[in-house]
Amino acid sequence: MTAGLSTARISLRQIRAVIAVAEERSFTRAAERENATQSGISQHVTAAERALGVKLFERAAGGVALTPAGQRYYRHCVEAVGLLQSAGEEARTLAGRVTGDLRIGLMPTFTRAALAPTLERFVPAYPDVNLRLVEGYSANLTEMVLAGSLDFAVVPTFEGRTGLKSRLLVRDREMLVSGRRRGLAPLAPLRLTDCAPLKIVVPSPGNVRRRNIDTYFQTYGVAIERMIEMDAMIGTLEFVACSDWVAVLPGIICVNDIAGGDLVVSPIAEPPLYAEFVVITPTRHTLGAPARIFLDYFKAELARIQARWRRAAPDRPVRRSPAKSRSSRRS
């Protein structure tokens with residue numbers, strides 16, 4: 001009974017302060033995020049601890065960390081704030097209005113081919129939604145979601161992080177992308193070991209996909225002749241198109257190259273390499289109606305792209321060259 005009365009005296013502002021400190025692990029950063037003073041955030045947290053009668057944070061010179069009681073209370077706070085937001089969204093949706101601001105972060109993987117068809121359908125259908133789209137790489141987009149600058153972002157699957165929740169959006173096959181000078185057959189599956197040593201353009205080490213590519217190369221003994229690190233998708237594609245260098249990219253970004261052009265796309269096989277992408281949102285927020293509807297349109301477009309790939313490059317064995325076949329028979 002006493003605990004229930006104490007909890008009732010905790011304001012929404014104090015709850016938001018607890019969530020901010022838990023996710024930022026710093027009173028200073030929590031104050032910046034909440035547009036408040038550091039002393040104000042500290043007072044809100046202290047007031048919540050006093051009302052609950054428990055210590056929520058361990059304070060040290062290096063920052064703050066949740067106590068076991070604080071971890072449980074944080075999870076309930078996030079759920080409560082999410083329910084309040086969902087209630088407002090549901091009321092507006094029932095009134096027949098889908099309005100508001102929608103801030104989305106997408107990687108170049110998705111902006112090159114999947115974004116425009118999605119916008120073509122979404123924008124006329126929901127004219128009262130104010131869209132802001134940011135293109136970036138996963139590390140920057142993740143920080144923007146944590147800071148509350150984006151409602152959601154699509155990034156490669158990662159280990160998880162306090163303050164974020166994620167759910168799988170799509171699993172996509174990786175392709176070897178080359179220029180005409182490289183002499184590979186369009187849409188023909190290949191083993192990377194048969195093409196080695198590779199001169200390859202890769203994302204920087206901070207990119208999750210880079211770690212997956214490196215692991216694949218090391219596991220299956222793919223030899224590298226030279227490597228360039230480049231976090232610039234247009235630059236990567238243009239350089240590959242005019243040289244004998246290659247890149248490993250998801251099929252989603254390459255779908256418009258199926259019909260031919262300056263780039264040759266070859267499915268990686270035996271074994272295939274896949275990339276998984278997730279939708280990340282702040283733990284403290286639930287997706288509003290505009291975001292949920294946009295994601296439905298977006299997922300439908302991704303499904304169309306993958307269906308097109310299945311038609312253009314169905315699974316089939318890698319064709320062995322005569323030299324490889326003779327070598328196999330001698331061994």
Side-chain angles (χ1 to χ4, degrees), residues 15-38 41 45 57 62-66 71 74-75 77-78 81-82 85 100-112 114-115 130-170 202-214 229-236 250 252-253 275-288 290-292 294-295 298:
I15 289 173
R16 290 189 182 278
V18 169
I19 292 173
V21 174
E23 293 178 355
E24 299 295 335
R25 300 180 184 179
S26 162
F27 283 92
T28 302
R29 290 194 297 272
E32 292 173 354
R33 186 174 104 178
E34 296 297 306
N35 294 317
T37 63
Q38 182 177 341
I41 291 292
V45 170
F57 296 96
V64 295
L66 286 164
Q71 289 174 352
Y74 162 74
R75 288 195 294 269
C77 285
V78 166
V81 171
Q85 291 178 334
D101 298 329
L102 177 55
R103 305 160 304 167
I104 301 168
L106 294 174
M107 300 166 56
T109 296
F110 299 98
T111 57
R112 185 176 185 238
L115 177 59
N130 302 313
L131 272 170
R132 176 178 176 244
L133 291 137
V134 176
E135 182 184 74
Y137 285 92
S138 55
N140 291 336
L141 295 179
T142 300
E143 293 302 325
M144 293 181 74
V145 172
L146 275 170
S149 303
L150 296 174
D151 296 307
F152 73 84
V154 179
V155 300
T157 301
F158 64 109
E159 296 80 8
R161 187 165 170 182
T162 301
L164 291 176
K165 54 187 175 183
S166 65
R167 59 186 176 89
L168 183 65
L169 176 67
V170 66
V202 295
S204 63
N207 188 299
V208 175
R209 286 188 58 255
R210 168 65 182 279
R211 297 201 291 272
N212 294 340
I213 292 168
D214 285 347
E229 294 179 354
M230 191 184 305
D231 286 331
M233 188 57 68
I234 292 176
T236 296
I252 289 169
I253 197 174
E276 292 185 341
F277 298 93
V278 295
V279 177
I280 58 170
T281 57
T283 307
R284 62 191 181 277
H285 293 165
T286 57
L287 284 177
R292 293 196 303 271
F294 183 92
L295 278 170
F298 197 57

> Atom CG in Asp151, atom CD1 in Ile280: separation rounded to 0.5 Å?
Replying inline: 12.0 Å

> Taking all atoms of both residues into account, what is the closest heavy-atom pair of Ser26 and Val64, and its distance?
Replying inline: N-CG2, 3.7 Å

> Quick one: does Leu131's side chain get under 4.5 Å of Ile104's, heavy atoms only?
Replying inline: yes

> Closest approach of Gly235 and Met230, non-hydrogen atoms and distance?
Replying inline: C-SD, 3.6 Å

> Quick one: do the Gln38 and Thr28 side chains pair a donor with an acceptor below 3.5 Å?
Replying inline: yes

> Would one find more than 12 heavy atoms of other residues, nucleotides or ligands at under 6.0 Å from atom CZ of Arg25?
Replying inline: no

> What's the verdict on side chain to side chain contact (heavy atoms under 4.5 Å, CB included) for Phe57 and Leu66, showing C-alpha distance, side-chain angles and the deciding distance?
Replying inline: CA-CA 4 Å; Phe57 296 96; Leu66 286 164; 3.3 Å; yes

>> Ignoring hydrogens, what is the shortest heavy-atom contact between Leu150 and Gly105? Give both atom names and the distance.
In response: CD1-CA, 3.8 Å

> What's the shortest heavy-atom distance between Ala114 and Ile252, and which atoms?
Replying inline: CB-CG2, 4.5 Å

> So does Arg33 pair up with Glu24, basic N to acidic O under 4.0 Å?
Replying inline: yes

> Could you give the distance from SG (Cys77) to CD1 (Ile19), rounded to the nearest 0.5 Å?
Replying inline: 5.0 Å

> Any side-chain heavy atom of Leu106 within less than 4.5 Å of one from Glu135?
Replying inline: no

>> Does atom CG (Leu168) have a neighbourhood of more than 12 heavy atoms from anything else shown, all under 6.0 Å?
In response: yes

> Counting distance only, does the side-chain N/O of Arg112 pair as donor-acceptor with the main-chain N or O of Ile253 below 3.5 Å?
Replying inline: yes

> Can you tell me how far the CZ atom of Phe277 sits from the CZ atom of Phe110, to the nearest 0.5 Å?
Replying inline: 4.5 Å

> Would you call the rings of Phe294 and Phe152 parallel, tilted or perpendicular, where under 30° means parallel and over 60° means perpendicular?
Replying inline: tilted

>> Could you check whether any side-chain heavy atom of Val21 comes within less than 4.5 Å of a side-chain heavy atom of Phe27, counting everything from C-beta outward?
In response: yes

>> Would you compute the distance between atom OG1 of Thr283 and atom OH of Tyr74 and round it to the nearest 0.5 angstrom?
In response: 4.0 Å

> Taking all non-hydrogen atoms of both residues, which atom of Val145 and which atom of Ala153 are closest, and how far apart?
Replying inline: CG2-CB, 3.6 Å

>> Within the structure provided, determine whether Met107 and Leu141 are in side-chain contact (heavy-atom separation under 4.5 Å).
In response: yes

>> How long is the straight-line distance from CG of Leu164 back to OG1 of Thr281, given to the nearest 0.5 Å?
In response: 7.5 Å

> Quick one: does Ser166's side chain have a donor or acceptor within less than 3.5 Å of a partner on Val279's backbone?
Replying inline: no

>> Taking the side chain as everything from C-beta on, heavy atoms only, tell me whether Met144 gets closer than 4.5 Å to Arg103.
In response: no

> When you measure from the side chain of Tyr137 to the backbone N and O of Val155, does any donor-acceptor pair fall under 3.5 Å?
Replying inline: no

> Under 4.5 Å between any side-chain heavy atoms of Leu146 and Arg29, yes or no?
Replying inline: no

> Passes side chain to side chain contact (heavy atoms under 4.5 Å, CB included), Glu276 versus Val208? Steps please.
Replying inline: CA-CA 10 Å; Glu276 292 185 341; Val208 175; over 6 Å; no

>> Quick check: do Val81 and Arg16 have side-chain heavy atoms less than 4.5 Å from each other?
In response: yes

> Is the backbone of Val202 close enough, under 3.5 Å, to the side chain of Arg210 for a donor and an acceptor to pair up by distance?
Replying inline: no

> Are any of the side-chain heavy atoms of Ser138 and Arg209 separated by less than 4.5 Å?
Replying inline: no

